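In what follows, a single structure is set out as structure tokens and then discussed.
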Amino acid sequence: MLKQVLTLCTGLLLTLAAAAQKNENLFIRMGINTGGSMLFHNTHFEATNLVEVYKFVQISHKPPETYDWENFEEDYGLRDKYAQPRYGLNLYLAHKLFPVFVNVDFMSSPSSYQKMALGLTLGLGKDFRPFDSDIFFSAHGGFKRVFRDAGFGAETVTFSTSKEARDHLATFYSPSRPLGAQSGNMLALRAGCGHVLGAAERAAIGCELFYELDVTNETVRQARMTNAGINIYFRFDLGHTSF
């Protein structure tokens, strides 16, 4: 499935890049990104198969009934949010005259820096240069479709435990999609500032704050992909225009 999505996105981006080359009002940019984010997954752990781990631990206590779920949560440091480093690439297509954009990002998952996530955002936004300088500001918002977040699931549960528990749990806890679908619908907001580079202004460095609210129906998936953080980037034009 992921290969099919990647093939589809690659074909779409090649088409968009070709369109940008033919239309001087369209432009496409590539970005190299790094930063970090906080995931707010709000998982009800008692509704996951982590309960089986709890039952296994419980039988070592005599009598087992004296060891309840609250003891397990405290002993293993269960939490419904945590931070992760982020890195990856994005391709951004926009129009010089209208504040519409399409952005495809292939970034490390907010659940795990070891796994990747693929998403596409369609929305409104623009870069602004209110002063006669090389500094610009940006604001973007729209609907984001996460096609697949490969880190969402077992890694989400594992990283939600204490460091000591995580090191041991990761060696055996690998159920298939314990939190449900690894795809989702998001409302995405970004705001930041940057600095253009070179006389041609075909590249820029900058940083932005972002917030992605998971609006996937909770009957499809109870756990959330909501995350917020900061992104530092280097971007350069593949098509027409300047920053």
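Numbering starts at 1 and runs along the sequence shown. In what follows, every heavy atom counts, from backbone to side chain, and hydrogens, waters and symmetry copies are set aside. Predicted model only: the values in this text are computed from it and were never measured.
Cluster membership for Leu78 and Phe56, using ILVMFWY side-chain heavy atoms within less than 4.5 angstrom, is not shared. No continuous path of ILVMFWY side-chain contacts below 4.5 Å connects Leu39 to Leu213, so the two sit in separate hydrophobic clusters. Cluster membership for Val157 and Val53, using ILVMFWY side-chain heavy atoms within less than 4.5 angstrom, is shared. Residues Leu124 and Val102 do not share a hydrophobic cluster, clusters being chains of Ile/Leu/Val/Met/Phe/Trp/Tyr side chains in contact below 4.5 Å. Taking hydrophobic clusters as Ile, Leu, Val, Met, Phe, Trp and Tyr residues chained together by side-chain heavy-atom distances below 4.5 Å, Met38 does not share a cluster with Leu189.
Ionic pairing of Glu212 and Arg190 is present here: one or more N-O contacts between side-chain nitrogen and carboxylate oxygen are shorter than 4.0 angstrom. A salt bridge does not link Arg86 to Asp105: none of the charged side-chain nitrogens sits closer than 4.0 Å to a carboxylate oxygen. Between Glu208 and Arg235 there is a salt bridge, with a side-chain nitrogen of the basic residue lying less than 4.0 Å from a carboxylate oxygen of the acidic one.
Every residue meeting the side-chain contact (heavy atoms from CB on, under 4.5 Å) condition with Gln58, not counting sequence neighbours, appears here in chain and number order: Tyr54, Pro64, Tyr67. Listed by chain and number, the residues in a salt bridge (charged side-chain N to carboxylate O under 4.0 Å, His left out) with Lys62 amount to none (sequence neighbours excluded). Applying the salt bridge (charged side-chain N to carboxylate O under 4.0 Å, His left out) rule to Asp75 yields no partners; only residues at least two apart in sequence or on another chain are considered.
With a 6.0 Å cutoff to the six-membered ring centre and a 45° limit on the axis angle, Arg221 counts as a cation-pi contact of Phe152. Stacking of Arg129 on the aromatic ring of Phe136 is not recorded, the 6.0 Å distance cut-off and the 45° axial limit not both being met.
Between His41 and Phe45, the ring planes lie perpendicular to each other; the angle is over 60°, past the 30° to 60° tilted range.
For His140 and Tyr92, the gap between ring centers is short of 6.0 Å.
For Ala165 against Tyr76, the heavy-atom pair with the smallest separation is CB-CD2, 3.6 Å.
Taken from CG in Asn90 to CG in Asn103, the straight-line distance is 4.5 Å, to the nearest 0.5 Å. Between the OG1 atom in Thr158 and the CZ atom in Phe172 there is a gap of 8.5 Å [rounded to 0.5 Å].
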